[in-house]
Amino acid sequence: MSWLEVLISALDPLVLLYLLGGVAIGMVVGTLPGLTATMTVALLTPLTFWLAPEQGFAMLIGVYKAAIFAGGTTAILINTPGTPASIASTFDGYELTKQGKPGLALGINAIYSFLGNMIGIAILMTIAFPIAEFALQFSSPEYFALAIFGISMMISVSGSSILKGLITGVIGLILATVGLDPMLSIPRFTFDNVHFMEGVSFIPVMIGLFGVGEILNQILTQDKEEKKLKPDLKDLGRVLPTLAEFKRLIPSTIMSGTLSSVIGAIPGAGGDIASIITWDLSKKMSKHPEEFGKGSIEGLASTCTANNGVIGGAFTTMLTLGIPGDAVTAVLIGSLMMYGMRPGPQLFVEEFSFVTSIMIFLVIAAVFTLILGLMGAKLSTLILKIDDEYIWMSVLLLCVVGSYALNSSFYDVLIMAVSGVFGIIFKKMSFPLGPLILGLLLGGLAESNFRRALTVSAGDYAIFYTRWISGILILLTILALITPLIGSLLKRFKSKT
Amino acid sequence: MKLKWLNSDVIAGVLLILVSIFLIVESLEFPDAMGTEPGPAFFPIVLSIILIFLSILLIIKGVKTNVRHFEITKEIRDNIKTLGLTILATILFLFFWRYLPFYIIAFLYLFSLGIIFKIKITKALVFSIFTTGIIYYVFSEMFLINLNL
């Protein structure tokens, strides 16, 4: 199937309708602080199971893209990032609002999110196919090394506690061992319960951790006084930047878009990291660094470009290697697996048209988001007025129904509920959830390939480090784990001396 | 006597060690490996040993830093009550789901949450009916999923 044929099939009105629906949902979700793209994609995944894969995935891509964009809206209007990716948009976006230019800030968010997305998608389209072709050479040792490398990368960016990231990563790997053993089909940790034979269901765990866990945490940490401070913006002012402003923003946009795509491709490094790094670099590149943090349109544009640029990068690693670039793509891997597809180089051979459709959906989602973003600037201020309580009620019921709907299984609901309780405990104790999901996702891949490799090598462990690709990946895994450790030791040493 | 070092990290570390030991004991029951591959017990045992090691580090860190993750401040005391009631309502919902039609139990669940969240009764009533109706329609009518257990 050629690109043109894929394009024509991707332009199916029903697929576009689901994509548009996803964008609309993503816009609402992203605008509401606390509702993340990850949570919504996890919640909608069982719902899309009943659709054709193209329709379902188009909807999820729409949600992902629009939620990341809309996260900037709250960052700009109320100084609260709607999603973690837009944390750096508060630096200059909210300052612009305080200066009476919320319209311009929202306009920059819409336009530069679109541009960042386009740069990311261009990079995805350019490098995904060669990477996938290269990755076709991989066999068991490389897949094992790749799986542990993916987990190690997410752990290494686990924020304040690498140790806690490691623990949740290992818990995820252990959870992945529940069910039938991948080589000999021997039941493990099933406790004679038939429901556990197929392993711990990924989707209910995801819904529990990111949905129920998040809502329970919001209930626990709600600030009733802060809630009363809802914005009342009657006049947004101009929305579009002038031509002179647009020209001024070109260098930082190109830098932010390109760099964030690379950062997005690194497993675990998402929009939050990319936008902070590019904001800092833009400041260094700028002729007006003194404006940064005080309402600089350059600063805002670079962060908006970056947090959307990462999407292309995250999809590159997800599609070509089967390793998620961020938490949302981790969930999207689960969604693809639900459709019976396993992301990785083989997907480019077996499902070429679907892979190219995904790239086309990303472009269309970006266009829809741009249009809705520019048209709906005023509407977004109204969405912000929805009380949290209504959202909590809807999400809690959706979590229950969503986890049940996939297999009509009450066991899945119980797994979701237990995961939800663990979700809030982990959150309170600062255990990152990303490595757990990644461990659960990649555990089977790591174990089966580890054991297969040892069967091939007649039990010789040298197979993992004498083959150059797996050797390099294992070396990178070790580096990813020890570099932050050395860094913190050095910091401690310096503070003592 | 109040043990100053007894914090959530230490408790989590101890619990994780106990779980890991249980997993190792369970794994030892798995059949032996065939041929040259390490067998079904290998991965769980290795992972459990790693988890024990990491848990020991967590305990040491917990004792050293003594960070309190669950400190109950005046601000969140009310929130804890709301959280507890939310969890209770959810447990009751899941328990009674098999005895009542979905649309009734879902409505009761949402309405009770509305009361717990201190939403005005009329608003909670309207919202509960509306949301239950939409969710029931989408899942039962559009996707033909039987939501009654």
Side-chain angles (χ1 to χ4, degrees), chain A residues 47 49-50 161 163-164 166-167 170-171 173-174 176-177 181-184 186 188-189 212 215-216 219-224 387-390 392-394 396-398 400-401 404-405 408 410 413-414 417 420-421 424-425 428-431 443 446-447 450-452 454-460, chain B residues 8-9 12 16 20 23 26-27 30-31 34-44 47-48 50-51 54-55 57-58 61 69-70 75-76 78-80 82-83 86-87 90-91 93-94 97-98 102 106 109-110 113-114 117-119 127-128 131-132 135 138-139 142-147 149:
Chain A
L47 205 75
F49 178 66
W50 308 95
S161 178
L163 176 63
K164 288 185 175 177
L166 273 167
I167 288 174
V170 174
I171 291 173
L173 286 169
I174 289 175
T177 64
D181 153 57
M183 299 290 279
L184 308 173
I186 289 160
R188 295 186 299 187
F189 312 119
V212 173
I215 296 297
L216 294 182
I219 293 170
L220 185 65
T221 54
Q222 62 178 309
D223 185 339
K224 288 175 180 111
D387 288 330
D388 292 344
E389 289 80 0
Y390 294 105
W392 297 341
M393 288 161 72
S394 321
L396 284 173
L397 185 60
L398 267 176
V400 174
V401 179
Y404 172 79
S408 294
F410 189 67
V413 179
L414 293 180
V421 173
I424 184 175
I425 293 172
K428 288 307 295 172
M429 293 181 66
S430 311
F431 279 98
E447 182 181 8
F450 176 79
R451 289 168 63 182
R452 209 167 285 142
L454 285 178
T455 307
V456 172
S457 70
D460 186 2
Chain B
S8 48
D9 279 352
L16 286 171
S20 306
L23 293 176
E26 278 282 314
S27 303
F30 298 156
M34 287 167 75
T36 52
E37 71 110 353
F42 180 80
F43 235 65
L47 291 172
S48 302
I50 295 172
L51 194 56
L54 295 172
S55 304
L57 292 181
L58 185 68
K61 201 178 171 199
H69 296 287
F70 293 95
E75 290 79 36
I76 67 162
D78 266 0
N79 298 349
I80 290 173
T82 312
L83 178 72
T86 306
I87 292 173
T90 308
I91 291 169
F93 168 45
L94 297 183
W97 190 357
R98 63 179 68 246
F102 174 79
Y109 176 57
L110 285 182
L113 287 180
F117 297 150
K118 298 189 175 102
I119 297 173
F127 183 77
S128 305
T131 310
T132 305
I135 288 179
V138 169
F139 283 88
M142 283 172 69
F143 297 125
L144 303 174
I145 300 164
N146 181 13
L147 290 173
L149 290 184

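All chains are named by letter (A, B, ...) in the order of the sequence lines, taking the proteins before the strands, and each is independently numbered beginning at 1.
Both the sub-6.0 Å distance and the 45° axial angle are satisfied by B:Arg98 relative to the ring of A:Phe410.
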Run the numbers on B:Asn79 and A:Thr221 for side-chain contact (heavy atoms from CB on, under 4.5 Å), then give the verdict.
CA-CA 7 Å; B:Asn79 298 349; A:Thr221 54; 5.7 Å; no

Are B:Ile145 and A:Val401 close enough, and set up right, to give a side-chain contact (heavy atoms from CB on, under 4.5 Å), and what steps lead you there?
CA-CA 10 Å; B:Ile145 300 164; A:Val401 179; over 6 Å; no

Apply side-chain contact (heavy atoms from CB on, under 4.5 Å) to residues B:Val138 and A:Leu47 and explain how you reach the verdict.
CA-CA 9 Å; B:Val138 169; A:Leu47 205 75; 4.2 Å; yes

Quick one: do B:Phe139 and A:Trp50 satisfy side-chain contact (heavy atoms from CB on, under 4.5 Å)? Show the steps, please.
CA-CA 10 Å; B:Phe139 283 88; A:Trp50 308 95; 5.6 Å; no

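Both the backbone and the side chain of A:Leu173 come within contact range of chain B, each with at least one heavy atom under 4.5 Å from a heavy atom of that chain. If you measure heavy-atom distances from B:Leu23 to chain A, the contacts under 4.5 Å come from both the backbone and the side chain. Heavy atoms closer than 4.5 Å to chain A are found in the side chain of B:Ile119, but not in its backbone. With a 4.5 Å cut-off on non-hydrogen atoms, A:Ala176 does not touch chain B at all. Both the backbone and the side chain of B:Leu54 come within contact range of chain A, each with at least one heavy atom under 4.5 Å from a heavy atom of that chain. Only the side chain of A:Met183 comes within contact range of chain B, with at least one heavy atom under 4.5 Å from a heavy atom of that chain.
Partners of B:Phe127 by ring-ring contact (aromatic ring centres under 6.0 Å, His included), not counting sequence neighbours, listed by chain and number: A:Tyr390. In this structure, the ring-ring contact (aromatic ring centres under 6.0 Å, His included) partners of A:Phe431, at least two apart in sequence or on a different chain, are A:Phe426.
Contacts with chain A were tallied for B:Phe102, B:Phe43, B:Tyr109; B:Phe43 has the most, counting heavy-atom pairs under 4.5 Å. Between chain B and the residues A:Thr177, A:Leu216, A:Asp460, the largest count of heavy-atom pairs under 4.5 Å involves A:Leu216. Looking only at heavy-atom pairs under 4.5 Å with chain A, the residue among B:Pro40, B:Ser128, B:Ser27, B:Ala41 that has the most is B:Pro40. With chain B as partner, the option from A:Asp181, A:Leu397, A:Ile171 having the largest number of non-hydrogen pairs under 4.5 angstrom is A:Leu397. Heavy-atom pairs under 4.5 Å with chain A were tallied for B:Thr132, B:Ile135, B:Ile80; the largest tally goes to B:Ile135. Considering only heavy-atom pairs separated by less than 4.5 Å from chain A, the leading option among B:Leu58, B:Ile91, B:Leu16 is B:Leu58. Most heavy-atom pairs under 4.5 Å with chain A, from the set B:Leu113, B:Leu51, B:Thr131: that is B:Leu51.
Distance check: B:Thr86 OG1 to A:Ile219 CD1 gives 4.0 Å after rounding to the nearest 0.5 Å. Separating the CG atom in A:Leu166 from the OG atom in B:Ser55 is a distance of 11.0 Å, to the nearest 0.5 Å. Atoms CZ and CG, from B:Phe117 and A:Asp387 in turn, are 12.0 Å apart once rounded to the nearest 0.5 Å. With rounding to the nearest 0.5 angstrom, the CG atom of A:Leu163 is 8.5 Å from the CG atom of B:Asp9. Remark: A:Glu389 CD to B:Thr82 OG1 distance equals 9.5 Å, nearest 0.5 Å. The line from OG of B:Ser8 to CD1 of A:Ile425 is 10.5 Å long, rounded to the nearest 0.5 Å.
Among all heavy-atom pairs drawn from A:Tyr404 and B:Asn146, the shortest one is OH-O, 3.1 Å.
A 4.5 Å side-chain heavy-atom check between A:Val413 and B:Trp97 finds at least one atom pair inside the cut-off. For the pair B:Pro38 and A:Leu454, the minimum side-chain heavy-atom distance is below 4.5 Å.
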